[in-house]
Amino acid sequence: MPEEAGFPPAKRFRPGCGPPGGRVVMLLTAGGGGCGGRRQQSAQAQPAASPYPEAVERQRRSLPIFPARGQLLAQLRNLDSAVLIGETGSGKTTQLPQYLYEGGIGRQGVIAVTQPRRVAAISLATRVSDEKRTELGKLVGYTVRFDDVTSEDTRIKFLTDGMLLREAISDSLLRKYSCVVLDEAHERTVHTDVLFGVVKAAQKRRKELGKLPLKVIVMSATMDVDLFSQYFNGAPVLYLEGRQHPIQVFYTKEPQQDYLHAALVSVFQIHQEAPASQDILVFLTGQEEIEAMSKTCRDIAKHLPDGCPSMLILPLYASLPYAQQLRVFQGAPKGCRKVIISTNIAETSITIAGIKYVVDTGMVKAKKYNPDSGLEVLAVQRVSKTQAWQRTGRAGREDSGICYRLYTEDEFEKFEKMTVPEIQRCNLASVLLQLLAMRVPDVLTFDFMSKPSPDHIRAALAQLDLLGALEHKDDQLSLTPVGRKMAAFPLEPRFAKTILLSPKFHCTEEILTIVSLLSVDSVLYNPPSRRDEVQAVRKKFVSSEGDHITLLNIYRTFRSLGGNKDWCRDNFVNSKNMTLVAEVRAQLRDICLKMSMPMVSSRGDVESVRRCLAHSLFMSAAELQPDGSYVTTDTRQPVAIHPSSVLFHCRPACVVYTELLHTSKCYMRGLCVVDADWLYEAAPDYFRRKLRAARD
DNA sequence: GAGCACTGC
């Protein structure tokens, strides 16, 4: 046990174990109420396909959910809505859809199972179609962006929650579905949260119209499901035990001033005491921290006493190139310990086998949104209790585990109970555009499970209004024809508007490229250790007109060379993201063609591209002040050019930006040099109002 | 003058 951090004796617990509150039906399971299930295998860790049907069947029958099958189906058959708590490894996600189908619920319509992430939707569909011994895309299929593997025969369909939401735009009653299972509901992504409201409304409306009832099942891995139950008219809560292994939790005796130092000490204490085969997972907040800690660990590991096992230090964060991310899944050489130093990506998105120890700093970098200023603040903050438990649970996936919390138990008690749902801390413009496209009667009173504040909603409506998407008629809010077209694009409303404006400036081809580049993770790869090299190589693409034009140059060169991977490596371009850009671009171009938009190119004329950006991003502009600083044109907020911008060392008189980010300062990211006159031309009324407001 | 948690359509 690390002594310097001062850990008192451990507390034993099972994540998710304990009596659930509220109206709960305990379902009969094999584990039978005690802690520490009898079986050692885990549902998700099983190999996907088995050539032997009996083996597949035996495996299915061995899952904790199996003994509850009859009871579960009997309950669900009679319910409109239900909440199902299933612990990790209970088998709920793979088995429940099959039970529903076998119970005849898929006979009159498709069973939809939503997932927050693409990879989960794809791998679950693959797994379940294997279990049913059918070809993927027949009985069992999946739909995610760019990839629809379903057919007329499909009865069980896994899809991302965002995808079901998009389907709801063309059919808000979700007519093709007999049942919607909302999985991972505890994560409370914006898409899941909007879907709660959409399925609830569809369920009610279908009942009123005497149509096929819509069954809604909300699945959560955590206990705090009262909100779900209340929201769905007091839906019963069904509780299913899982196969999580016991985990010992240690808190520090004293609060830690320096969580990085405490993490470092803990890692090496564990390293000196535990067998080399037991891996460690450390949660930190961001790339810079993780790289620095990795380097320090490697340096220290070189000077360890004889007899101490060696250490394989693996950083893990989303912007790390894919090949390097994959290294965390490979086993360490014999006699060597894996130490994975990760962001919260390892909390939910990436599951690593063989983790025995979790070191939780209790910190996370997360975005907050201020609707008044439209400002996103990215700040290091405390995790919530549910997040801390999620991290702890990562230690007990295959066997019992140990979690060191680098904070005191008193501190933990003061953590927020739950992470604030994303819908209350993001820009709502996209969400409201989608709801309006579904012809929701009144977005201001829409039945959100956790309501965003009225100011928050009004700010988003104001933004949509500026983009020309809204129509007010007899106190009713609806979409203009432009607004309706905007909703067809899988983009932020302002970028959809940029595309719709582009024919006027004869630069649709260029704008499609730029918008695609903006809507995926950066194609620029910036390894901190090779900064000078990166700068030298990138020079040939840099445009004095800003980041958008620079990106356009990079994409053009990439295409002219036929999408060459070697070129990407040599030019510090992330080839995976670049390939994705091409896919996004093709999808957006398709949507344009369906709208009969003319496909025009401005050829070499980048001024028209900049004019187009000025006309759609006029509300995100900043002007140079006499003292060399910048202020935004809308709220006179002092801002600075982000160091990642190609204009970082320049002083253009007027720019539009694609993002404001508050870290140590308020930074503009993604800049384009524009003419102040263009902005005024784009929205004369808006700027006249601003001028008047400034005078008063 | 110096920096970017994580998804998704």
Side-chain angles (χ1 to χ4, degrees), chain A residues 114-121 143-148 159-170 184 187-195 283-291 316-320 342-350 361 363-368 376-381 383 387 390 419 422-423 425-426 430-431 433-434 437 486-493 495-496 516 519-522 524-526 528 531 580 583-584 587-588 591 627-630 638-645 647-651 659-670:
Chain A
T114 69
Q115 293 293 319
R117 285 168 290 281
R118 294 167 53 95
V119 277
T143 305
V144 296
R145 190 179 184 185
F146 308 128
D147 211 358
D148 181 9
L159 70 177
T160 45
D161 43 20
M163 204 69 216
L164 186 59
L165 211 50
R166 203 131 272 284
E167 286 187 9
I169 291 179
S170 44
E184 311 284 5
E187 288 191 29
R188 303 295 304 274
T189 69
V190 194
H191 289 155
T192 316
D193 262 36
V194 179
L195 273 180
F283 284 102
L284 299 186
T285 69
Q287 176 178 346
E288 204 179 306
E289 229 174 57
I290 287 168
E291 290 293 352
L316 180 63
Y317 45 87
S319 59
L320 196 70
S342 173
T343 59
N344 45 345
I345 193 170
E347 233 173 70
T348 49
S349 310
I350 292 180
T361 56
M363 307 304 277
V364 67
K365 200 179 281 183
K367 206 184 266 186
K368 293 179 189 169
E376 286 170 345
V377 183
L378 194 62
V380 172
Q381 46 197 311
V383 296
Q387 240 176 327
Q390 181 71 27
T419 313
E422 202 185 350
I423 199 153
R425 49 189 176 90
C426 73
S430 296
V431 166
L433 185 70
Q434 283 184 326
M486 281 163 62
F489 289 94
L491 292 170
E492 278 179 52
F495 293 139
S516 304
S519 70
V520 305
D521 285 340
S522 177
L524 308 176
Y525 175 51
N526 299 314
R531 201 183 335 198
L580 195 59
E583 271 190 288
V584 172
Q587 187 190 25
L588 299 179
I591 296 169
D627 68 355
S629 69
Y630 284 87
V639 287
I641 298 176
H642 195 278
S644 67
S645 172
L647 298 178
F648 183 52
H649 293 288
C650 310
R651 294 252 157 274
E659 191 182 13
L660 269 191
L661 192 81
H662 197 108
T663 48
S664 61
K665 254 194 226 177
C666 194
Y667 287 105
M668 304 179 276
R669 274 209 302 199

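Chain naming here is simple, since letters A, B, ... match the order of the sequence lines and numbering starts at 1 in each. Just so you know, these numbers come straight off a predicted model, no measurement behind them.
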Interatomic distance, A:K367 NZ vs B:dC6 P [rounded to whole Å] = 11 Å
query = Under the criterion side-chain contact (heavy atoms from CB on, under 4.5 Å), which of A:Q390, A:E187, A:R425 is the partner of A:T419?
reply = A:R425
task = Figure out the CZ/P separation between A:R166 and B:dG8, and round it to whole Å.
result = 15 Å
query = Whole-Å distance between B:dC9 P and A:D147 CG?
reply = 10 Å
ask   = Atom CD of A:Q381 and atom P of B:dA5: how far apart are they, to the nearest Å?
value = 13 Å
ask   = Say you draw a straight line from NZ of A:K367 to CD of A:Q381; how long is it, rounded to the nearest 0.5 Å?
value = 12.5 Å
request  = Classify the nucleic acid contact of A:F648 as base, sugar-phosphate or nothing, counting any heavy atom under 4.0 Å across all strands shown.
outcome  = base
query = Rounded to whole angstroms, how far apart are CD on A:E167 and C1' on B:dG8?
reply = 15 Å
query = Think A:T343 has a side-chain N or O under 4.0 angstrom from the OP1 or OP2 of B:dC6?
reply = yes
request  = Inspect the contact between A:E288 and A:K365 and indicate whether a charged nitrogen and a carboxylate oxygen are less than 4.0 angstrom apart.
outcome  = no
ask   = Looking at B:dG3, does its base get a donor-acceptor pair with the side chain of A:R531 below 3.5 Å?
value = yes
query = When rounded to the nearest 0.5 angstrom, what distance separates OG1 in A:T348 from CD in A:E184?
reply = 8.5 Å
query = Out of B:dC6, B:dC9, B:dG1, which nucleotide sits closest to the side chain of A:P490?
reply = B:dC9
ask   = Does B:dC4 have OP1 or OP2 sitting under 4.0 Å from an N or O in the side chain of A:Y667?
value = no
query = What's the closest nucleotide to the A:M163 side chain, out of B:dA5, B:dT7, B:dC9?
reply = B:dC9
remark   = Assert: residue with more 5' nearest nucleotide on DNA chain B, out of A:Q587 and A:L378, is A:L378
inquiry  = Using whole Å, what does the distance between atom C1' of nucleotide B:dT7 and atom CD of A:Q387 come to?
reply    = 14 Å
key: Candidates B:dG1, B:dG8, B:dC4 - which lies nearest the side chain of A:H649   = B:dG1
ask   = Shortest non-hydrogen contact from A:F283 to A:T361?
value = O-OG1, 2.7 Å
inquiry  = Using a heavy-atom cut-off of 4.0 Å across all strands, would you classify A:I345 as base, sugar-phosphate, or nothing?
reply    = sugar-phosphate
task = Figure out the CG/C1' separation between A:D148 and B:dC9, and round it to whole Å.
result = 14 Å
request  = Report which part of the nucleic acid A:R188 touches: base, sugar-phosphate, or nothing (heavy-atom distance under 4.0 Å, all strands).
outcome  = nothing
remark   = Of the listed B:dC4, B:dG1, B:dC6, the closest approach to the A:H642 side chain comes from B:dC4
ask   = At under 4.0 Å, does any side-chain N or O of A:T160 touch on OP1 or OP2 of B:dC9?
value = yes
task = Just call it for A:R145: base, sugar-phosphate, or nothing, with non-hydrogen atoms closer than 4.0 Å on any strand.
result = base
ask   = If you check every side-chain atom of A:S349, which of B:dT7, B:dC4, B:dC9 has the closest atom?
value = B:dT7
task = For A:A318, report the nucleic acid contact type (base, sugar-phosphate, nothing); a contact means any heavy atom under 4.0 Å.
result = sugar-phosphate
message = Between A:H191 and A:T189, do the side chains contain a donor N or O and an acceptor N or O under 3.5 Å apart?
response = no
message = Rounded to whole Å, please give me the gap between CZ in A:F283 and P in B:dA5.
response = 16 Å
